[in-house]
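Step one of this worksheet: look at the structure below.
Numbers restart at 1 for each chain; the letters A, B, ... are given by sequence-line order, proteins then strands.
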Amino acid sequence: MPSRTMIEAIRSAMDVSMERDERVVVFGEDVGFFGGVFRCTEGLQKKYGASRCFDTPISETGIVGAAVGMAAYGLRPIAEIQFADYMYPAYDQIVSEAARLRFRSANDFTASMVVRMPCGGGIFGAQTHSQSPEALFTHVAGLKTVIPSNPHDAKGLLIAAIEDEDPVIFLEPKRLYNGPFDGHYDRPVVPWSKHPLSDVPDEHYTVPIGKAVVRREGSAVTVLAYGTMVHVAEAAAQDTGIDAEIIDLRTLVPLDIDTIVQSVEKTGRCVVIHEATRTSGFGAELAAQVQERCFYHLEKPVLRVTGWDTPYPHIHEWDYFPGPKRVGEALVEATAKD
Amino acid sequence: MPSRTMIEAIRSAMDVSMERDERVVVFGEDVGFFGGVFRCTEGLQKKYGASRCFDTPISETGIVGAAVGMAAYGLRPIAEIQFADYMYPAYDQIVSEAARLRFRSANDFTASMVVRMPCGGGIFGAQTHSQSPEALFTHVAGLKTVIPSNPHDAKGLLIAAIEDEDPVIFLEPKRLYNGPFDGHYDRPVVPWSKHPLSDVPDEHYTVPIGKAVVRREGSAVTVLAYGTMVHVAEAAAQDTGIDAEIIDLRTLVPLDIDTIVQSVEKTGRCVVIHEATRTSGFGAELAAQVQERCFYHLEKPVLRVTGWDTPYPHIHEWDYFPGPKRVGEALVEATAKD
Amino acid sequence: MAEHTPLSLHVPAPPTEEGGRQSSSLPFSAAGAVRRPPVDVDPREIRDLAFELIRVLDDDGNAVGEWAPELDVETKRNGLRAMMKTRAFDSRMMKMQRQGMTSFYMQCTGEEAVACAFQSALRKGDMNFPTYRQQGLLIAQDWPVVDMMNQILSNSADRMKGRQLPVMYSAREAGFFSISGNLGTQYIQAVGWAMASAIRNDTKIAAAWIGDGSTAESDFHAALVFASVYQPPVILNVVNNQWAISSPQSIAGGEKTTFAARAHGYAIPALRVDGNDYLAVRAASEWAAERARRNLGPTMIEWVTYRVAPHSTSDDPSKYRSKAEEKGWPLGDPIERLKTHLIRTGEWSEERSVQLAAELDAEMSAAASEARALGTLHDGPRLSPATMFEDVYKDMPRHLREQRQQLGY
Amino acid sequence: MAEHTPLSLHVPAPPTEEGGRQSSSLPFSAAGAVRRPPVDVDPREIRDLAFELIRVLDDDGNAVGEWAPELDVETKRNGLRAMMKTRAFDSRMMKMQRQGMTSFYMQCTGEEAVACAFQSALRKGDMNFPTYRQQGLLIAQDWPVVDMMNQILSNSADRMKGRQLPVMYSAREAGFFSISGNLGTQYIQAVGWAMASAIRNDTKIAAAWIGDGSTAESDFHAALVFASVYQPPVILNVVNNQWAISSPQSIAGGEKTTFAARAHGYAIPALRVDGNDYLAVRAASEWAAERARRNLGPTMIEWVTYRVAPHSTSDDPSKYRSKAEEKGWPLGDPIERLKTHLIRTGEWSEERSVQLAAELDAEMSAAASEARALGTLHDGPRLSPATMFEDVYKDMPRHLREQRQQLGY
Ligand SMILES: Cc1ncc(C[n+]2csc(CCOP(=O)(O)OP(=O)(O)O)c2C)c(N)n1
Ligand SMILES: Cc1ncc(C[n+]2csc(CCOP(=O)(O)OP(=O)(O)O)c2C)c(N)n1
Ligand SMILES: [Mg+2]
Ligand SMILES: [Mg+2]
C-alpha cells in the first residue's frame with residue numbers, strides 16, 4: 001500500500017468519492033483552481049470540472065449556507081473552511097440550519113454534508129490559525145464531530161463522513177498534515193512515510209464514525225485523546241515509561257463510550273487531553289462522563305491536560321500547547337500511589 | 001423597597017446606568033421606539049433620546065460588531081439580542097472580536113460592553129425561542145458570563161456588568177421575567193411580588209460578578225444551578241424533603257469555585273442542573289471541576305440533570321425541561337445510602 | 001474647511017401620529033407606466049426599474065401596460081380563489097388561536113397576492129425557501145389545509161411531529177422548504193439549491209424569500225454574492241411589507257432607496273413591483289422564472305406591500321404604529337383589486353364573491369374540525385414524547401437511546 | 001417558453017496564461033475625465049462615478065482635471081517619501097523573514113499610494129480600522145518603524161506581547177485599530193466607532209478598510225446597512241487589488257460590476273479611484289473626509305490597485321496567476337508615477353530619488369538592528385510565558401492564576 005501524508009489521504013478520500021458519486025461536490029476559498037492553501041483539493045477541479053470543484057467568495061456564511069441548500073437538493077457537498085478559526089461566521093448555518101434541518105422538518109429535508117476545516121496549533125499561526133473549536137460542535141445536537149489522527153483514518157473517516165446521512169464536522173489537525181507530530185517541537189520533523197498508519201489504500205474504504213480505537217494497550221492509566229494529542233500521549237507514555245492505555249477517540253459525537261468505560265474500569269485512572277481551551281472544552285464532557293460511569297472504579301480524579309484559558313498566543317505557542325512534558329506529569333500524578 | 005419583576009429590575013438597571021453615565025447606550029431590534037419585545041427598554045428612548053436608545057436593523061452581526069466599535073471608542077454599549085437563539089450570527093463578533101480585543105492588542109483597545117439576551121424555555125417557543133447557549137460562551141476565554149435568577153440580582157448584576165471593564169454576556173431566563181417559575185408548569189403562575197428577592201431598590205447598587213450565593217443551606221447534597229433552575233431546585237428539595245444545599249452560581253465565568261468546593265466538601269454529594277443540552281453543557285465543566293477538586297469527599301458521582309441532546313421541541317417542552325420531578329429523582333439518587 | 005460643528009447621530013424618525021409611527025414608503029409609479037424589457041436584457045439597462053413600481057391594475061380595475069399578463073379567465077378566478085382561501089385560512093386560524101388550540105399564529109393579511117400569484121409561475125419540482133408569511137404558496141397549489149392545520153395545532157398528525165413553532169411548515173412535495181425560525185438563513189440556501197440544480201444540469205429553479213427587515217441579515221448578502229458569482233437559477237424575493245415587528249422599513253435601510261436597488265451592486269437585475277396587484281405579481285414572477293429557466297441567472301424582485309395585521313399573535317401594533325395608516329391599507333386590498341378587475345371585465349360578480357367566501361369558510365370549518373379531531377396543543381391525541389429523540393440523527397445514537405430511557409420510554 | 005435546455009453552473013473563468021489566471025479588471029477612464037461634485041451632492045446624482053475611475057496623473061505625469069488637488073511641493077514630496085519608506089520597510093522585513101527572524105510577513109507592494117495618501121487626509125483623533133495591508137497608514141505619519149518591527153519580530157519590546165501574528169499591529173495613538181486575523185470584522189466596528197463619535201457630538205471620523213475578496217464577508221453588509229441607517233462619519237474603503245490569495249476579483253462578485261457600486265443599494269455615495277495615483281487618492285480621501293466631518297454621512301471608495309507581491313510569505317502565486325500580468329504592474333508603480341510628476345513639475349530629480357532611497361534603506365537597516373537587539377522570534381530577549389495569562393481580562397481571575405501556576409510561574 002502506498003504511504004500517504006494526511007493531505008494526500010484527505011485528497012484521495014475526496015477523489016475516490018467524486019469518482020464514485022456524481023453528487024459529491026467540493027468547494028471553498030482557494031479550493032478550486034489553486035487546490036486549497038493546504039493543497040488538499042489539488043487536481044480535483046482539473047479532473048472533475050469547475051462545476052464540481054470550485055472557488056468560493058470569502059464568506060463562510062455563504063459557503064455553509066449554500067452547502068445546506070445543495071444538500072437539501074440532494075447533492076453531497078464537502079465545504080472547506082480555510083481555518084477552523086474562521087468557522088464562526090458560518091456558525092449560525094451550522095448550528096441553526098445544518099444540525100436541525102432533519103429534526104425540525106421531521107425528515108422532510110436533510111443535510112447530508114461535510115464541513116472540513118484544519119484545526120489546532122503548532123505552526124506559529126497565533127490566535128487565528130490555531131484554534132480547536134470542537135466543543136462548540138459537540139454541544140450541538142444533530143452534528144457529528146470527527147477528528148482523525150493519521151492518514152489511514154483520515155481517508156476512511158472522510159469517506160464515511162461523505163456517505164453519512166447527517167452533517168459531519170471534519171476537523172483536520174493541521175500540524176499532522178505532513179508528519180506525525182508528537183509535541184517534541186525541538187526534535188527533527190518526522191515524515192508520515194515512517195509511520196505505519198500512513199499506509200493508505202488507493203481504493204474506497206471507510207473507517208466507521210462513532211468508533212474509538214485503542215492505540216496503545218496499557219494497564220496503568222487510560223488516556224483519552226484525539227487528533228494531534230494522540231501522538232503527544234504516545235510520546236508522554238514513552239518518555240515517562242508509564243504503561244498508559246491510549247484511546248484515540250476519532251469521533252467525539254457520537255462518542256464510543258463503551259471503549260472508554262472498558263478501559264477505565266481496567267486501569268482505574270484517567271487522563272483527558274486536548275489542545276483546546278480548558279473551560280467547557282470537550283475534556284469536561286469526557287471527565288464528567290467517566291466519573292458518572294466509572295466512579296466506583298476510579299482511584300483518582302480524572303485529570304485534564306489542555307490548552308490554557310487564553311487565546312492561542314503566537315510566541316508562547318509551546319507554553320500553551322499541552323506537550324509531552326505536561327501530559328507526562330499528569331500521567332505521573334494519575335498513577336502515583338499515595 | 002418596591003417589588004419589581006425581572007423585566008422592571010433589568011430596565012431599572014439600564015435607567016440608573018444611563019442616568020449616571022452618559023457613555024451608556026442601549027440598542028437592538030425593536031428596542032428603541034417600542035421598548036423591546038419583552039419591554040425591557042420601555043421608556044428609555046423617551047427619557048434619553050434616540051441617540052442613546054435606538055432601534056437597529058435585524059443584523060445581530062451588526063449589532064454586536066457596532067457595539068465593539070463603540071466600546072473601542074469609549075462608550076459603554078448595551079446590545080440586546082432579541083432571543084439568545086439568534087445570537088449565532090453575532091458569534092464571530094463576540095468570540096473573535098469582543099472576547100479577544102484586549103488580549104490581542106495587549107490593552108491598547110478594550111471592549112467593555114454588555115450583550116443581553118433572553119434565554120431558556122418554558123414559554124412554548126420551540127427550538128428558536130428556548131435555547132440556553134451559555135456553554136458556547138463559557139468556552140471562550142475573555143468573556144464573562146452572567147445569569148441571574150431573580151430581580152434583585154438581575155439589577156445588581158446588570159449594573160456590575162455595565163461597569164465591568166470586560167465584555168459580559170448577560171443571559172436573562174425569559175421564563176422568570178414575570179414570576180419565579182419553579183417548573184411546576186401545571187400550577188398557577190406566581191407573581192414576583194410574592195417573592196422576597198423582588199425587593200429591588202430604586203437606586204444604584206451592584207451584585208458582584210464572580211460570586212455565587214447559597215440560596216438554601218443544607219447538608220444532604222449540593223445542587224449547582226443558575227437561572228430558572230435555581231427555583232426548580234428549590235421546588236425539588238421541597239417536593240422530596242431532601243436537605244439540599246442549593247447554590248445559585250449567578251456567574252459562570254469566572255466561576256466561584258470556593259463556594260462550590262466548600263459545600264461539596266460538606267455534603268459529599270453533588271447534582272448539577274441546567275436546561276441546556278447535556279453533551280458539552282456547562283454542567284460538564286462543573287462535574288469535571290467538582291470531581292477534580294473534591295474527589296476524596298465525594299460519596300457518589302456528580303450527577304447531571306439537563307435538557308436532552310435534541311433541539312428544544314415545541315409540544316414536548318415539559319418532557320424536555322428538567323423539571324422538579326427529574327431533579328428530585330437525582331436528589332434521591334445522589335443521597336441514597338447504598 | 002477648517003472648522004466643523006459637532007457631529008450628531010441620524011436615527012430615522014418616520015412621522016408619528018396617534019402615538020404610533022408611519023412606515024413612509026417611497027412614491028409609486030402609475031399603473032402601466034413601466035416598460036417590460038425582454039428577459040435577456042442586459043441588467044445594466046434596467047437599473048431604473050428598481051426605482052419604479054410595476055403595476056398592472058389601475059384604480060378602476062383595468063389591466064394596463066406592457067406588464068399586463070395574458071391570462072385566461074379561469075386562471076384569474078383561480079387567483080382570486082387562492083387569495084380568498086388564504087384569507088379564510090388566516091381568519092380560521094386566528095379563531096383557533098384565540099380559543100387556545102394553538103400557541104401561536106401569523107397572518108399574511110394584505111400580502112396574499114404576493115405568494116399566491118408567485119406560486120402560479122412555478123412548476124412542479126421548483127423549490128421555494130419561504131418565510132413564515134408565505135402560506136399562500138401552499139394554499140395556491142391547493143395543498144391540503146388540514147395538513148397545515150395539523151402542524152399549527154401540533155397534533156398527532158403533525159408531519160413536523162410537534163417540533164416546530166406553528167406555521168413553520170415543511171412540504172418537500174409542494175416545493176416548500178422547511179421554514180426556519182432564524183431569519184434570513186434560507187436566502188443563501190435557496191441560492192445553494194439553485195446552484196445544485198445547475199450543477200446537475202437539471203431544469204428546476206429556486207425561489208428565495210425574505211422580509212424587508214431581514215434583508216439586514218448576513219445571509220442576504222451571502223446570497224447576493226453567490227448569486228452574482230455563479231448566476232444560478234434563483235428568484236430573490238424581498239417582501240417589503242413596510243414593517244419588521246415594530247420597526248418601519250427605514251430602520252432596515254429603506255429610508256432613501258429601495259430594496260430592489262440592493263441587487264445592482266451585485267450586477268443582478270431587479271424589479272420593484274406592486275405586491276398587492278395580482279396581475280403585476282404574476283407577470284413579474286413569470287419574467288424572473290423565465291430568466292432562471294433560460295439560464296440567464298438570478299433576478300431580484302421587491303414586492304411592495306403592507307402588513308395589515310399584527311406581526312403575530314404575540315404582537316400588539318397599537319403600541320408602535322399609526323392606527324390610521326394601518327386602517328388605510330396603503331396599497332389597497334389585493335383581493336378587492338383583482339375582484340374589481342374581474343367584475344369590470346364581466347368575469348365575476350359581487351354575488352359570486354359572497355358565495356365563494358361562504359364556501360371557503362365552510363371548507364375551513366370542516367378542515368378545522370378534522371384537524372381538531374386529531375388533537376390540539378393541549379387536548380386530544382398527542383405524539384409520544386419518545387418521538388422527541390427521533391430525527392436528531394438518521395439513526396438514533398446510543399446517548400439518545402439512553403436519554404429516551406431516562407425519560408421513561 | 002415551454003421547453004428549456006438543461007441548466008449549467010457559471011463559474012467565473014478569467015483568462016489563463018502561463019498556467020495561471022489573470023485578474024481581468026474593468027476598463028479605466030482617462031486621467032482628468034471624471035467630474036468632481038460638491039461634497040453635499042445628492043448621492044443619487046453621482047451613481048455614475050462608481051463605474052468611472054477617478055485619475056489625476058496622466059501618462060506623462062501631469063496632474064489634470066477637477067480632482068487634481070492643490071498641494072504644496074512639500075506635501076507631495078512627503079507623499080513620495082512615505083511611499084518609498086513603506087516599500088523600503090517591506091523590503092527590509094522580507095529580508096528578515098527570509099533570515100528566520102520572524103515567522104511571517106505581508107507586503108503591500110504596488111498599493112503604497114492608497115494608505116499613504118489616505119492617511120494624509122485624516123486628523124489626529126480619527127480612527128482607521130485597517131487590514132493587514134495598510135502599513136502605509138502608520139509609516140505615512142512617521143510612526144516609529146522600530147515599534148512595528150518589534151511587533152513583527154515578536155520581541156521583548158513588542159507592545160502586543162508576542163500574542164499576534166506579525167503585521168497585526170495596534171496603535172491607538174496613531175488612530176490605528178488593532179488588526180484582526182478574521183477578515184471583515186473591523187468594517188462594522190468602524191461604523192460603530194463612527195456612530196459613537198456622532199452620539200457623543202464629537203468631531204472625529206472613522207475609516208473602514210477591507211479587501212476586494214473580503215467584501216463577501218457578512219460584516220461588510222452589516223457595515224453598509226448600519227452606515228446607511230445612521231449616516232455616521234465613516235469612510236468605507238475597499239482596496240481592490242484584484243486578488244484574494246489565489247482568487248481573482250471575479251470570485252468576489254467583480255466580474256460584471258464594480259465594488260463601488262455595492263454602496264448604491266444602501267443609498268451611500270461611492271467613488272471609484274485609481275489607487276496607484278497618489279494625487280487621486282489624496283483628493284478622493286479629502287472629499288470623503290470632508291463629507292464625514294460635515295455630518296453628511298458615509299462615503300464608499302473603491303481603490304483600484306494591484307497586489308504585485310505574493311499574498312504573504314506563506315504564498316506562492318506562480319501556482320495560480322499569470323507571471324506576465326504580475327510583472328506588468330497593471331496600474332503602474334505609484335512611486336514611479338508620483339516621481340514622474342514631481343520631476344516634470346521641476347520639484348524633484350532622479351538623483352534625489354536615488355539618494356532618498358539610500359537614506360531610507362539606511363534608516364531601515366538601523367531600525368532593524370535596534371529591533372533585533374530587543375530579540376527576534378527565536379533568539380534574544382523574550383517575554384515571559386507568564387504574560388500569556390495577562391489581558392485576557394482586565395484583572396486576572398482565579399482560574400487563570402491557577403493555570404499560570406501550573407505552567408510554573
Ligand atoms: C436571526 C433572527 N433575529 C431576530 C428574530 C426575531 N424576529 C422574528 S420576525 C422579526 C421581524 C422580521 O421582519 P421582516 O423581515 O420585515 O418580515 P415580516 O415579519 O415583516 O414578514 C424579528 C426581528 C429572528 N426570528 N431571527
Ligand atoms: C474569516 C476569514 N476567512 C478566511 C481567511 C483567510 N484569508 C486570509 S487573507 C485572505 C484573502 C483576502 O483577500 P482580500 O480581502 O482581497 O485582501 P488582500 O489580501 O488582497 O489585501 C483569506 C481568504 C481569514 N483570514 N478570515
Ligand atoms: Mg416586513
Ligand atoms: Mg485583494
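- Using a 4.5 Å cut-off between heavy atoms, B:Val140 makes no contact with chain A at all.
- Neither the backbone nor the side chain of A:Val272 has a heavy atom closer than 4.5 Å to any heavy atom of chain B.
- The two residues B:Ser280 and A:Thr138 make their nearest non-hydrogen contact at OG-OG1, 2.7 Å.
- Across every non-hydrogen atom of B:Tyr88 and A:Ser96, the tightest pair is CD1-OG, 3.5 Å.
- Within the 4.5 angstrom heavy-atom criterion, atoms from both the backbone and the side chain of B:Arg278 approach chain A.
- The local environment of CD in B:Glu292 is crowded, with over 12 non-hydrogen atoms from other residues, nucleotides or ligands closer than 6.0 Å.
- Looking at B:Tyr86, neither its backbone nor its side chain comes within 4.5 Å of chain A, counting heavy atoms on both sides.
- Between chain B and the residues A:Ala284, A:Gly281, A:Ala99, the most heavy-atom pairs under 4.5 angstrom are made by A:Ala284.
- Interface check for chain A: of the options B:Asp309, B:Leu136, B:Thr128, the most heavy-atom pairs under 4.5 Å are formed by B:Leu136.
- Among A:Leu286, A:Thr277, A:Leu252, the residue with the largest count of heavy-atom pairs under 4.5 Å with chain B is A:Thr277.
- Put simply, the side chain of A:Gln291 never gets that close to the backbone of B:Ala288: no donor and acceptor are under 3.5 Å apart.
- Residues A:Lys300 and B:Tyr296 come closest through the heavy atom pair CD-OH, 3.5 Å.
- Contacts of B:Gln93 with chain A are absent, with no heavy-atom separation under 4.5 Å from either backbone or side chain.
- Heavy-atom pairs under 4.5 Å with chain B were tallied for A:Ala141, A:Ala287, A:Pro311; the largest tally goes to A:Pro311.
- The parts of B:Leu298 that come within reach of chain A are both its backbone and its side chain, each placing non-hydrogen atoms under 4.5 angstrom from that chain.
- Using a distance-only test at 3.5 Å, with no hydrogens or angles considered, a donor-acceptor pair links the side chain of B:His139 to the main chain of A:Thr279.
- Residue A:Glu60 does not touch chain B at all, counting heavy-atom pairs closer than 4.5 Å.
- With a 4.5 Å cut-off on non-hydrogen atoms, B:Glu299 touches chain A through its backbone but not through its side chain.
- Ring orientation note: the planes of B:Tyr91 and A:Tyr91 are close to parallel, at an angle under 30° on the 30°/60° scale.
- Ion pair B:Arg304/A:Glu285 flagged as a salt bridge, since at least one NZ, NE, NH1 or NH2 atom sits closer than 4.0 Å to an Asp/Glu carboxylate oxygen.
- Considering all non-hydrogen atoms of both residues, A:Asp92 and B:Pro89 come closest at OD2-CG, 3.6 Å.
- Of the listed residues (B:Val95, B:Leu303, B:Thr61, B:Val302), the greatest number of heavy-atom pairs within a distance under 4.5 Å of chain A belongs to B:Val302.
- Interface residues of residues 100-112 of chain A toward chain B, defined by a heavy-atom distance below 4.5 Å and sorted by number: A:Arg100, A:Phe103, A:Arg104.
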